[in-house]
Amino acid sequence: QRALKAGCSLAPDQFVITSGCLEAVTLSLRAVCRPGDTVAIETPIFYNLLQIIEMLDLKALEIPTHPRNGISLSALRYALEHTPIHACLVIPNFNNPFGSRMPEENKQELVMLLERHNIPLIENDVYGDLGFMSERPGIAKRYDRKGLVIHCSSFSKTLAPGYRVGWVVAGRFQESIEKLKAVSNIATATLPQMAIAEFLANGGYDQYLRKIRGVYGLQTSLMAKAVEGCFPKGTRVNTPSGGFVLWVEMPEAVDSIKLYEEALRCGITIAPGTIFSATGKYGNFIRLNAAYWSKRIEQAVSTVGELAKAQI
Ligand SMILES: Cc1ncc(COP(=O)(O)O)c(C=O)c1O
């Protein structure tokens with residue numbers, strides 16, 4: 001039923017339950033790549049995904065990503081024509097750190113482009129339920145005709161990361177992913193699955209989503225406003241259409257690693273931009289988390305802004 005809302009008809013036996021989305025992505029990469037293979041990824045991209053690629057001895061090929069349109073299809077097309085690529089990993093809905101939603105026609109074109117090259121697409125949809133608009137965005141899996149799209153997600157961003165309940169819909173790779181999952185840790189714990197199943201069945205999840213999406217929409221805009229008010233002149237912040245993170249570009253003189261260390265000394269945690277790149281880009285960017293908002297957090301944003309100003 002939930003897949004239908006995302007434009008895709010999927011049967012329960014197509015789902016392999018995993019311990020979170022990161023396990024779903026790890027199993028997917030293990031199923032379609034061998035050590036030394038190259039994975040085309042968006043840049044910037046959530047740092048844990050880069051760590052998984054490194055852990056599996058794979059190479060990351062960074063493809064530029066537009067804050068509104070998602071991964072650049074022309075850059076990907078060029079890369080596919082000039083480099084051996086074995087998989088492509090993207091977060092089409094509310095990418096972390098951009099918060100962008102890839103337009104539906106781009107998702108379809110992405111699937112068709114990779115299909116022409118017979119390359120699996122690993123779709124990470126962990127933020128897909130967290131759009132600020134009422135309509136749930138579609139998933140790339142809906143355009144899959146050849147079983148090449150591997151759809152991964154979890155309840156970590158919507159409910160809580162501690163449940164460790166995720167899933168992968170793996171198309172033609174389902175059997176090998178089931179085997180890899182069984183060998184890795186047999187199965188995902190049943191109790192959290194049962195608790196979540198009950199929450200889904202009694203309508204609690206949808207009710208909660210309706211509330212939390214509005215809350216995140218409000219909090220990201222309040223935090224973005226606070227950044228605009230207290231960060232150095234020339235700072236730019238994205239306007240996400242879902243999720244709860246902000247990507248902040250500061251003047252080039254600001255060193256985000258130094259800023260991270262200085263903020264930490266004041267008891268504030270920010271994510272320095274460089275960890276979102278495999279090649280050390282984004283030295284003057286930071287990612288902020290707007291999942292919570294209070295006077296104390298507003299003060300923390302102001303402190304980070306002052307620390308950034310002091311670097312110029
Ligand atoms: C893009 C993305 N994928 C996966 C995860 C983690 O998912 P899980 O906790 O379900 O493994 C995160 C958490 O921040 C994320 O931002």
Side-chain angles (χ1 to χ4, degrees), residues 2 15-30 39-56 60 62-63 65 67 70-71 87-102 107 121-131 137 139-141 150-169 177 180-181 184-185 187-189 192-193 195-196 200 205 209 212 216 219-220 238 240-247 269-273 275-278 282 285-292:
R2 306 204 66 77
F15 286 74
V16 178
I17 302 299
T18 58
S19 301
C21 183
L22 291 179
E23 188 187 44
V25 172
T26 306
L27 295 174
S28 306
L29 285 169
R30 287 178 64 197
V39 185
I41 54 163
E42 298 168 279
T43 185
I45 195 167
F46 177 51
Y47 48 86
N48 260 178
L49 300 172
L50 292 171
Q51 288 169 326
I52 292 173
I53 289 173
E54 188 180 26
M55 177 185 77
L56 296 177
E62 297 185 318
I63 308 289
T65 299
I71 191 164
C88 179
L89 170 60
V90 294
I91 311 168
N93 291 324
F94 319 125
N95 156 301
N96 175 4
F98 269 152
S100 55
R101 171 187 172 170
M102 197 177 186
K107 286 178 194 155
L121 169 64
I122 302 171
E123 168 182 43
N124 177 337
D125 192 47
V126 77
Y127 291 97
D129 276 343
L130 290 180
I139 54 177
K141 181 78 186 161
I150 308 179
H151 174 78
C152 302
S153 193
S154 76
F155 291 106
S156 297
K157 300 290 134 187
T158 48
L159 293 181
Y163 287 119
R164 306 313 302 148
V165 176
W167 60 90
V168 49
V169 181
I177 284 185
L180 285 166
K181 170 69 184 169
S184 310
N185 50 25
T188 297
Q193 291 188 56
I196 291 177
L200 289 171
Y205 182 71
L209 274 187
I212 202 71
Y216 288 155
Q219 290 179 179
T220 47
N238 64 334
S241 51
F244 46 73
V245 299
L246 290 176
W247 186 234
T269 310
I270 56 173
I275 63 174
F276 294 84
S277 161
Y282 314 120
F285 289 69
I286 54 171
R287 192 209 61 185
L288 299 177
N289 186 328
Y292 296 96

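Whatever order the structure lists ligands and atoms in, that order sets their numbers, starting from 1. No hydrogens, no waters, no symmetry mates; every other heavy atom, side chains included, goes into these values.
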So the atoms of ligand 1 within less than 4.0 Å of a heavy atom of Ser156 turn out to be 8 (P), 9 (O), 10 (O)
Hey, are the side chains of Arg287 and Asn96 touching, using non-hydrogen atoms and a 4.5 Å cut-off?
yes
Can you list the atoms of ligand 1 that are under 4.0 Å from a heavy atom of Tyr127?
1 (C), 14 (O), 15 (C), 16 (O)
Can you name the closest pair of heavy atoms from Glu62 and Ala278 and give their distance?
OE2-N, 2.6 Å
Correct closest heavy-atom pair for Val245 and Asn238 would be O-ND2, 4.4 Å
For Ser154, the atoms of ligand 1 under 4.0 Å from one of its heavy atoms are 10 (O)
Who's the nearest protein heavy-atom neighbour of atom 5 (C) of ligand 1, and how far?
Phe46 CE2, 3.6 Å
Examine ligand 1 and decide if any of its atoms is less than 4.0 Å from a heavy atom belonging to Phe155.
no
Point-to-point distance, once rounded to the nearest 0.5 Å, from CD of Glu42 to SG of Cys88:
7.5 Å
Does the pair Glu23/Arg164 count as a salt bridge with the N-to-O cut at 4.0 Å?
no
Of all the heavy atoms in Lys157, does at least one lie under 4.0 Å from an atom in ligand 1?
yes
Could you list the atoms of ligand 1 found under 4.0 angstrom from a heavy atom of Ile91?
1 (C)
For atom 3 (N) of ligand 1, what's the nearest protein heavy-atom neighbour? Residue, atom name and distance, please.
Asn124 ND2, 2.9 Å
Does the plane of the ring in Trp247 sit parallel, tilted or perpendicular to the ring in Phe98? Use 30° and 60° as the thresholds.
perpendicular
Heavy-atom closest pair, residues Ala24 and Thr18
CB-OG1, 3.7 Å
What is the nearest protein non-hydrogen atom to atom 7 (O) of ligand 1, stated with its residue, atom name and distance?
Cys21 CB, 3.5 Å
Numbering as shown, the atoms of ligand 1 that approach Gly20 to under 4.0 Å (heavy-atom distance)
10 (O), 11 (O)
Does any part of the side chain of Met55, heavy atoms only, come nearer than 4.5 Å to the side chain of Thr26, both counted from C-beta?
yes
Looking only at protein heavy atoms, what sits closest to atom 6 (C) of ligand 1 is Leu22 CG, 3.7 Å
Would Val126 count as being in polar contact with ligand 1, using the rule that some N or O on each side must be under 3.5 angstrom apart?
no
Ranked by distance from atom 9 (O) of ligand 1, the top protein heavy atom is Arg164 NH1, 2.8 Å
Phe244-Tyr127 aromatic ring centre distance below 6.0 Å
yes
